[in-house]
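Here is the structure we will look at, set down as structure tokens.
Lettering follows sequence order; numbering is per chain, from 1.
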Amino acid sequence: MRVELEGPPDADIMFVGEAPGETEDKLGKPFSGRAGRTLNNLLAQAGIARYQCIVTNVAKERPPANRISYFFEDKKCTIPKPKMQAWVNELKEDIELYKPNIIVALGATALWALTGEKKISIFRGYIIPCSLVPGVKVIPIYHPQAINYDWKLYFQSVLDFRKALRHSKTPELPEVKQIYRPNVNLPEFLAYMEECITNPEWDRLAIDVETVQPGSHIEELGLSHSPDFGISIFLLKGRIPTLPEKDELLLWQTFARLVKTKKIIMQNGAYDIGILWYNQHILIPDLYMDTLIAAHVCWPELPRDLGFLGSVCLNVPPWKSGSAKNELYNPADAANTFGISEVLDLELSTQKVRHTFNFEMGLIPVALMMQLQGIKVDRETQTELKEKWNTVMVEMKTQLDTIIGREINFNSPKQMQELLYGDLKLPAQYKRRKSVRDKRTLTTDAAALRKLAGMVPDNPIFNLILDYKKANTLLRFLDVKLSPESRVHTSYNITGASSDDEEDTKKTKRSFGRWSSSKSIILPFGSGNLQNIPPEARKMYLAEPGWTIIQADLIQAEAVVVSHLTGNTKMQQMFKDAFGLANKERKPYDIHVLKATELFGVPWEEVNKVQRKTGKVIRHARNYSAGPGVLANRLGITMSDAKKLIVADERVDPSLGLWHLSIQEELKRNRVLTNLLGRKHRFLDRWGDTLFRSAYSYIPQSTIGDLLNVSLRKVYDKLLEVPFEVKLLLQLHDALYPMVRNENVNETIKLLRDNMLHPLTYNNQEFTIDVDFKLHTSWAEGEELEINWKEVGDGIPKII
DNA sequence: GATTTTACGTA
DNA sequence: CGTACGTAAAATCT
């Protein structure tokens, strides 16, 4: 059936979808099916009344199998067949007839028909001119059906619909008042900087640098004192300097004077400040706002790249869409960073999250210092380890090639499938599914290999493959490039996942407040992520001669938090009683033994190792609502035994289940959870178990992440006060690794403990997570310290 | 050549 | 149907 346009002739807003679906086809009404229900929901969230709007589609008939490409000549849907062209002409006439103030292009097909553009992910949220009927404005938004498939797009689309409503009062496109001065000469740039310095009313300055790799050399420098102005100068063209040395020196001298007088705004300042310091030796003394951090605090679940933030915060045209060589790119970045900062500043107040913002801003210098400092690798040990594991790898490969009779790439899932399930005809092993509705996919991962090894005990290849793969993986962590000073460096990312990837708008940004670690662009040495180095590879990270690496751990950190969240008073008491004791003295307060006594009804003294391990695993698994499959896997027991264990534990500790339910209740209210240090997170996934599991882990995980960083900042502040040198080497989520000279170990441990004990409050009850220490000659080998802090009191412990 | 999938390391 | 994170190689798409 042909589906006609619907709505009042005097409507301000016109929604244009793609084509009718099954329900629409039957009822003859646009957006009357599942996508229509999602549209209605979005409109309600945005405060738009559908009956006051025009609703239609580009195509008036349903394509076979709902595939819009049926109406096009080409696969990319850019050359319409005559029927489609006629509908586009019809759409043009409708727009001219009804003259809406704004047209909402729902999805890529509508965007194409109205503007000729294709990429919805780039243009969504921006007000752009309609090319079909010039003079009309269009705002592209994801199609409701796309949102149904990918629920993460929901929240940002609500923001987009609100923007559409704001712009529906008048037909005019937003006025373009921005002035950009790209690629100016030195006198003009110097004059601008001098004007900034002398004008006290311009108190803030946005800075953006473009760099070339390798070396992160500054290619272009952009500045802005207002959302409506941006200026830039090139320092490099290709790799050739544009300015004589003397002139460039003058530029940087003036710049260094300028930044001292202004509140600085940057997007991802940790990088820009880092290279300004590393390459130009210019210190940015007052970073007033990092828009990446502000966005992370205000909207942790949304993308954070400038293009996205611009679409949400500003009324400027999309400036990131053209070719990368667009001259205006850099000055526009600077000006729009300024504009975005003003909106985020208000948002921080509205959402009452400024404390989290200030906290994260305070971490920038710490993370940057750790990145630039790096951590030393002993080249000799590295070579030894590389040789050792290379030998293992080659040996396994030789044996396997002989047994199998041909060469196989064991890193190739495809070849592995052919071997295991084709040649050997072994029972298929499937990957764990996110939902029972998902289709099963074959796997050849380590767990599958171990299972097959158990089924065919007389065939040695499974264990050989496992050993081969282990050596192979390890080599990835060992065979890394070192800096000339034999160091590796990592970029610690305060806002978690990096988001300068513009194509990546579909991924939800999670970031529970924990730092992530990735490859440093400034100093690209090492394996990148330093938070996932396996123990064997840690052996090559040696303490410098005469120095000791100290490991300061938050003890049982997440478990302590969970005991308070669930109101498990027995566990709380045990943590309290064990507080400050030496490691050896903690035995009577072992929560895993406690769990075993409860679970198996055996007296404390008679709990054996297997029972303790069972207690440990089940507690951890149940905290985060793991299923019997995981438990069976972890403990090497059958599914039915695992199920029984879970049932038994539910009887022993019903508080966990109740806590999970209370989290669901809290999510129901507004989908926002707040951790014990006040950090908020909105959960945008589709309502269901995946969402719940993620939410259960949020408060314990993010509280500990924040807690450790509170400590880290406090320790960092002390570094300048103490009369000896402390190097902060690593941050591993619940542990800090400083390195000091041997003679300063005692004082450092005292300092660490003083600054890492930080009381938390839940339900008006105060508690403190304990800290313990290990001393290392390398990152791998550590010796547990036995300190009874009750005996030490306020003094300094005498360890060495 | 760019993007997606698979596998795997840590807390 | 633990979660969180980043990297690399293979597979797949264009």
Side-chain angles (χ1 to χ4, degrees), chain A residues 74-76 300 409-417 430-438 440-449 465-466 469-470 472-480 490-493 495-498 501 503-504 506-520 526-538 553-554 556-559 562 617-631 633-634 646 656 660 681 683 685 688-702 704-705 708 730-736 779:
Chain A
D74 59 331
K75 225 169 138 187
K76 283 183 165 179
N409 180 354
F410 300 101
N411 292 322
S412 156
K414 210 177 159 197
Q415 293 183 36
M416 284 290 284
Q417 280 182 26
Y430 295 100
K431 235 188 346 203
R432 171 170 272 116
R433 291 174 290 179
K434 286 218 176 78
S435 150
V436 275
R437 292 192 314 275
D438 294 350
R440 297 200 290 183
T441 49
L442 285 170
T443 180
T444 58
D445 65 10
L449 283 168
I465 296 175
L466 282 167
K469 284 192 146 188
K470 197 184 161 198
N472 190 273
T473 318
L474 204 44
L475 279 166
R476 188 168 71 75
F477 292 100
L478 293 168
D479 194 7
V480 294
T490 191
S491 164
Y492 282 109
N493 311 310
T495 60
S498 64
D501 172 357
E503 297 303 307
D504 196 21
K506 288 187 95 170
K507 264 193 215 151
T508 309
K509 306 296 168 187
R510 290 190 178 282
S511 187
F512 281 16
R514 303 210 299 192
W515 283 10
S516 77
S517 155
S518 60
K519 187 177 185 143
S520 165
S527 58
N529 185 349
L530 261 190
Q531 288 175 324
N532 71 341
I533 306 294
E536 179 70 7
R538 293 181 181 189
D553 268 299
L554 295 171
Q556 307 260 33
E558 288 193 22
V562 170
V617 171
I618 193 169
R619 198 183 45 71
H620 193 243
R622 270 248 290 143
N623 276 357
Y624 302 115
S625 188
V630 174
L631 207 57
N633 229 332
R634 200 59 71 78
I646 291 177
L656 262 174
H660 288 158
H681 192 94
F683 289 81
D685 284 313
D689 273 355
T690 313
L691 169 69
F692 299 155
R693 285 221 170 71
S694 180
Y696 301 153
S697 69
Y698 171 68
I699 295 181
Q701 206 179 90
S702 72
I704 298 311
L708 189 83
L730 293 154
Q731 193 269 30
L732 292 188
H733 303 307
D734 64 357
L736 286 180
W779 181 8

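Remark: Ser527(A) is not in phosphate contact with dT7(C), judged by side-chain N or O atoms under 4.0 Å from OP1 or OP2. Remark: Arg432(A) is in phosphate contact with dG2(C), judged by side-chain N or O atoms under 4.0 Å from OP1 or OP2. The phosphate of dT6(B) has neither OP1 nor OP2 within less than 4.0 Å of any side-chain N or O from Thr444(A). For dT7(C), the OP1/OP2 oxygens have no side-chain nitrogen or oxygen of Lys519(A) closer than 4.0 Å. In terms of phosphate contacts, Asn532(A) brings no side-chain nitrogen or oxygen within less than 4.0 Å of OP1 or OP2 of dA11(B). Listed pair Thr443(A) / dT6(B) fails the phosphate criterion, with no side-chain N or O lying under 4.0 Å from OP1 or OP2. Distances shorter than 4.0 Å separate none of the side-chain N or O atoms of Ser517(A) from OP1 or OP2 on dC5(C).
For the pair Ser625(A) (side chain) and Arg622(A) (backbone), a donor-acceptor distance under 3.5 Å is absent. Judged by distance alone, the side chain of Thr490(A) and the main-chain N or O of Gly528(A) form a donor-acceptor pair under 3.5 Å. Checking side-chain atoms of Glu558(A) against main-chain N and O of Pro700(A) turns up no donor-acceptor pair under 3.5 Å.
Thr495(A) and Asn493(A) are not linked by any side-chain donor-acceptor pair at a separation below 3.5 angstrom, with hydrogens and angles left out of the test.
Not a single donor-acceptor contact under 3.5 angstrom links the side-chain atoms of Asn529(A) to the base of dG6(C).
Candidate nucleotides dA11(B), dA11(C), dG2(C) were compared by shortest atom distance to the side chain of Val630(A), and dG2(C) ranks first. Of the listed nucleotides (dA7(B), dT10(B), dG2(C)), dG2(C) has the atom at the smallest distance from the side chain of Tyr624(A). Of the candidates dA4(C), dA7(B), dG9(B), dG9(B) carries the atom nearest the Pro534(A) side chain, counting heavy atoms from C-beta on. Side chain of Ser412(A), nearest nucleotide from dA10(C), dA11(B), dC1(C): dA10(C).
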- Query: Dot-bracket for DNA chain C, 5' to 3', with Watson-Crick and G-U pairs under 3.5 Å, [ ] for crossing pairs and | for other-strand pairs: what is it?
  - Reply: ..|||||||||||.
